[in-house]
Amino acid sequence: MAPSEVKLPFRQIKIIDSRFDTSKMGFTGKAFGGKTNAFNAIQFKGGFATAVEKYYADYYENSF
């Protein structure tokens, strides 16, 4: 959590994701110790933008 001394010049965080499939984030397996050419995807309930938005809103909740 961000320290309460950090004050942001806005009231909320809104992530806009205009990709075709906004529920998944892809990565190669090498990033997580897998095969170099393996492709994987993390799927977020409610979409990627919602997950990132919630993360930052929770992190900065005392800074708005």
Treat each ILVMFWY residue as a node, draw an edge where side-chain heavy atoms are under 4.5 Å apart, and state whether L8 and M1 are in one component. no
What is the minimum heavy-atom distance between F64 and F10, and which atoms define it? CD2-O, 3.4 Å
List in chain and number order the residues that pass side chain to side chain donor-acceptor pair (under 3.5 Å) with N62, two or more places apart in sequence or in another chain; answer none if no residue qualifies. none
Residues 47-57 vs side-chain hydrogen bond (donor to acceptor under 3.5 Å, both in side chains), sequence neighbours excluded, gives K54-D58
Once side-chain hydrogen bond (donor to acceptor under 3.5 Å, both in side chains) is applied, what residue pairs with a partner in residues 1-14 remain, sequence neighbours excluded? none
Qualifying residues under side-chain contact (heavy atoms from CB on, under 4.5 Å), relative to A2, sequence neighbours excluded: Y59, Y60, S63
